[in-house]
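In what follows, a structure is listed as C-alpha cells, so that the remarks can point back to it.
Scope of the values below: all heavy atoms of this structure, side chains included, with no hydrogens, waters or symmetry mates.
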Amino acid sequence: MTEILAGRSSLSTILTCAVWCLVAIISVGWTRHGGSSSMIWPANAILVAAALCVRNFNWWLFPPLLLVLSTMVNLGDHRPWVTSVGFATANLIEILFAVLLTRRFSPISGFFEYPGWAFRFAIATVSAVICSAAIAAEVLYLSEGRDWLGGAMAWTMAHLPGLLITVPVLLALNPYDTKGSADHDAPSRLVVIGLMALVAGAAIVVYRQSHYPFQFLLLPPLVLATYHLYAKGAALAVAIIGMIGSYFIFTDVGPVMPFHGPDSLRVYIFQLDLATIFFCALPLGAVLTQRDQKAVLAERRLRDFRHLADRVGDVLFRVDAFGRWSYLNPASEQLFGVPVEYRLGQHMLESVIPEDRVALSRALAKIVSGSREDLRQIVSICRRDGTIRHVEILAHRLDEDLGYGGLIRDVTDQLTQDEQNRQIAEANEHAANTDDLTGLPNRRAFFQTLHACLAESPSKIAVAIFDLDHFKLVNDRYGHPVGDVVLRRVASTVLASVRDGDMVARIGGEEFAVLITNRNPEQAISLARRLVRAVSSDSIAIPSGPILHVTISMGIASHQPGEDHAALIERADQALYAAKRGGRNRLMIADATLTSQPADSA
C-alpha cells in the first residue's frame, strides 16, 4: 500500500510539473518583451495551488524536477546558463515560500470560509514574490549587467498578479475541497451557465472597445455570480473575464489601450483590475459561506432541539409577554387533554384552578417585569375532562419583551405518594408512641413529651404515677382478658378526668403516668386526688361476670428548679411506693411538708 501511494504521489507531482512547464513555455512565448522576464507568469501559481491541495504531493521529487524544467525553459528562451539557473532557483524559492506562508497564516482547507483569508493570502504572496524578485534581480545584475531595481520591478509585476489571481481561482475551483463549501442548495446548471454567460457578455462589452473605461460594468455580474455560487462563482467569473480581456488586449483592443507606454504597462493595469475585482468578490463569497454555514448549523440545532423536545415526557413551553402560550411540545396534549394547536394563543392561567391563579399570576408578573429571573411553584390545573392534576412549573425569564419559558412537570403521583408516605410515617410514629391495649401514649411518648415540656416551661409541671392495687389478683381470679378490660376502663376513666393539655400514658403493665402542665402544685395535687377518687368510685361491668371495683395508688411530684426529668420521675415513683406502703387507694405527695392522703379525703 505504501508503494502504491508513493507511486501515485510521484506521478501527480510529475504531471503537475509538466503542466507548469507547458504554461511557462506558452507564457514566455506569448508575452516576451524587451529582453526582460515575461509580463504574465501564472505558471508558479499552478504549483502553489497543487502543493496546497494535492494530498500526495511529493516534496522530495518536486524541487529538483522544477529546477531542471525551469532551467530548460529559460535556456530555450536563449538565456545564459547563470541566468537560467538563477531564475529556476528564484521560482523554486517563490513557490516554497508562498506555500509555507499560506499554510502558516491561512487555513489548509476551506480557504474561502473567512473574509480575512484574502488579505492574509495577499500578504504571503507579496512576501514570497519580493524574495524571488530580489534573487532574480541579483542574477540579472551579475550575469547580464541589468539594472537591479528595474529587474526586480519587472519580475514582481509579472509574478505577483499571476499568483494573486491564479492561485485563488484554482483553489476555489478545486473539486476536492468539500470543507470550504457551505451546505446550501446548489444552483442548477442552467443558472450557472446563465450567470457565466452574463459575465462573459459584460467582459466582451468592456474589452472589445478602447474608448471608454467601462470596467465598472464587470462588478454587477461578478457580484451576482458570487452571490449565487460563492467563492467558486467569483473565481470562475474572474477566469472568464481574464481570458476574454487577455484576448482583446493582445489584439490591441480594450479600455487600457489609451494608456501611453509599453505593452507591459497595459498588461499590468489589466492584471491590477482583475486582482482588484477578485479580491473584492472573495470576502463577499466568504461572508455568504459563513452565513449559510451558520444558518445550516442553526437549523440543525433547531431540528435536534425539536427532536428532543418531541420526546421529552415533561411539558416544554414558551409564553409571550402577555401570558399567552407561544410554544408547547407534544407532551402538553397528554397533560392538558387538548391538542397543542388548541392551546397556542390562549392565556397560560386559563387551565389553572382559581385558588392558585392569584399567587401564580403575581409570581409570573415579577418575571415579566424583570424583578425576578425564575420561579418554581406547584399549582393545580383542570384538564379538559374535569380531572385535577398537580403540576410543578419551572419558569425562567427570556430576553426582554419575549416573555418566559421553562418546564411543566406533572407531580400528582409524586404528591400522592408523598402524602401516602407521610400518612404511613405518621401511622408508624403513632404506633411507636401508642399503647396497643388502652390506646394511650406509651412510655416512649410520655418521656418525649416530658422532655419537651421541661425544655419550654418547667415551672408549672407535675408528674403523677399510679398503678392498680392488687391487679395480680384480678388476673389470677378472672383471667387476663378481664384484666385487659379493667386496664382499659381505668385508662378511660383517668383520661376523662384530665384536661386537654394534660397527658395520660401507660408506662408499664398496670402502671400509668399523668403529666400535668400549667398548674401550680396545689392545683396538680387537687387533680390527682380527683383521679384517685374517680377510679375507686367507678364500677366495672365484666361480660358474663360480676361488677368489679378497683383502686389505684398514686404518687405525685411537682418540678423543682434545676431538677431534670430523671429526678422528677424518681420522686414521683418514691411517692407511689410510699402510697402503697401507706395502705393503697391513696395519694402520696412527694413534697416533704405533705403526707399521704386516702382517696376519700377531700
Q) Would Y227 and L284 count as a side-chain contact (heavy atoms from CB on, under 4.5 Å) if you check the C-alpha gap in whole Å, the side-chain angles of each, and the deciding distance to 0.1 Å? A) CA-CA 8 Å; Y227 181 79; L284 175 61; 5.6 Å; no

Q: Under the side-chain contact (heavy atoms from CB on, under 4.5 Å) rule, what do F248 and Q209 come out as? Steps first, then yes or no, please.
A: CA-CA 9 Å; F248 283 110; Q209 55 82 37; over 6 Å; no

**Q.** Stepwise side-chain contact (heavy atoms from CB on, under 4.5 Å) test for L142 and E138
**A.** CA-CA 6 Å; L142 295 177; E138 188 68 22; 3.8 Å; yes

Q: Take V315 and L407 through the side-chain contact (heavy atoms from CB on, under 4.5 Å) test and state the conclusion after the steps.
A: CA-CA 6 Å; V315 176; L407 179 145; over 6 Å; no

**Q.** Stepwise salt bridge (charged side-chain N to carboxylate O under 4.0 Å, His left out) check, R343 with E333
**A.** CA-CA 9 Å; R343 279 291 174 193; E333 182 172 348; over 6 Å; no

For residues 88-99, tabulate all N or O donor-acceptor pairs below 3.5 Å that involve a side-chain atom, not counting sequence neighbours.
unit_1, atom_1, unit_2, atom_2, d
T89, OG1, V85, O, 2.9
N91, OD1, N44, ND2, 3.0
N91, ND2, S70, OG, 3.2
N91, ND2, F87, O, 3.2
E94, OE1, S132, OG, 2.6
E94, OE1, W155, NE1, 3.4
E94, OE1, H159, ND1, 3.1
E94, OE2, N44, ND2, 2.7
E94, OE2, H159, ND1, 3.1

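At distances below 3.5 Å, not a single donor-acceptor pair connects side-chain atoms of S332 with backbone N or O atoms of L328. Of the possible donor and acceptor atoms, none in the side chain of Q334 sits under 3.5 Å from a partner among the backbone N and O of G337. A donor-acceptor contact shorter than 3.5 Å is absent between the side chain of E350 and the backbone of Q346. Proximity of a side-chain donor or acceptor of N329 to a complementary backbone N or O of L316 within less than 3.5 Å is detected. Side chain of E144 to backbone of R146: no donor-acceptor contact under 3.5 angstrom is found. Of the possible polar contacts, none joining the S143 side chain to the V82 backbone as a donor-acceptor pair under 3.5 Å is found. Side-chain N or O atoms of S369 include one that pairs as donor or acceptor with a backbone N or O of A365 at under 3.5 Å.
Rounding to the nearest 0.5 Å places CG of L65 at 9.5 Å from CG of N58. Between atom CD1 of residue I130 and atom CG of residue L160 there is a gap of 8.5 Å, rounded to the nearest 0.5 Å. Put simply, CG on L52 and CG on L170 are 10.5 Å apart, with the number rounded to the nearest 0.5 Å. Within the model, atoms CG of L218 and CD1 of I244 stand 9.5 Å from one another, a figure rounded to the nearest 0.5 Å. How far CG of D410 is from CZ of R389: 4.0 Å, rounded to the nearest 0.5 Å. One distance of note links CZ of R397 with CZ of R372; it measures 12.5 Å at 0.5 Å rounding.
A donor-acceptor pair shorter than 3.5 Å cannot be found between the side chains of T71 and S84.
The two residues L222 and A234 come nearest to each other via the heavy atoms CD1-O, 3.9 Å. A133 and T156 get closest at one heavy-atom pair: CB-OG1, 3.3 Å. Scanning both residues, A321 and V368, for their nearest heavy atoms gives O-CG1, 4.0 Å. Closest heavy-atom contact between V319 and W325: CG2-CE3, 3.7 Å. Closest approach of A363 and Q377 over heavy atoms only: CB-OE1, 3.6 Å. Contact between V139 and G86 at its shortest, heavy atoms only, is CG2-CA, 3.7 Å.
Scanning for salt bridge (Lys or Arg N to Asp or Glu O under 4.0 Å) contacts around R324 gives D320, with sequence neighbours left out. Residues forming a side chain to side chain donor-acceptor pair (under 3.5 Å) with R357 (at least two apart in sequence, or on another chain): none.
Between F62 and W59, the ring planes lie perpendicular to each other; the angle is over 60°, past the 30° to 60° tilted range.
Around the OH atom of Y327, the shell of radius 6.0 Å holds more than 12 heavy atoms that belong to other residues, nucleotides or ligands. Annotation: R303, atom CZ; neighbour count of heavy atoms from other residues, nucleotides and ligands within 6.0 Å is above 12. More than 12 heavy-atom neighbours from other residues, nucleotides or ligands sit within 6.0 angstrom of CZ on F216. With a 6.0 Å radius and a threshold of 12 heavy atoms from other residues, nucleotides or ligands, F214 has its CZ atom above the threshold. No more than 12 heavy atoms of other residues, nucleotides or ligands lie within 6.0 Å of CD in E299, so this atom counts as exposed by the packing criterion. Counting heavy-atom neighbours within 6.0 Å of R376 CZ, excluding the residue itself, gives a total of 12 or less.
With contacts defined as side-chain heavy-atom distances shorter than 4.5 Å, the pair T83/L140 qualifies. Looking only at side-chain heavy atoms (C-beta outward), R120 and I123 stay at 4.5 Å or farther from each other. Side-chain contact between L344 and S326 is absent, with no heavy atoms from C-beta onward closer than 4.5 Å. For the pair L75 and W81, the minimum side-chain heavy-atom distance is below 4.5 Å. The side-chain heavy atoms of L195 and L224, taken from C-beta on, include a pair separated by under 4.5 Å. The shortest side-chain heavy-atom distance between M196 and L236 falls under the 4.5 Å cut-off. In this structure, D374 and L394 have side chains that are not in contact, with every pair of non-hydrogen atoms separated by 4.5 Å or more. Using a 4.5 Å cut-off on side-chain heavy atoms (C-beta onward), V126 and L163 make no contact.
Geometrically, R318 does not engage Y404 in a cation-pi contact defined by less than 6.0 Å to the ring centre and at most 45° from the axis.
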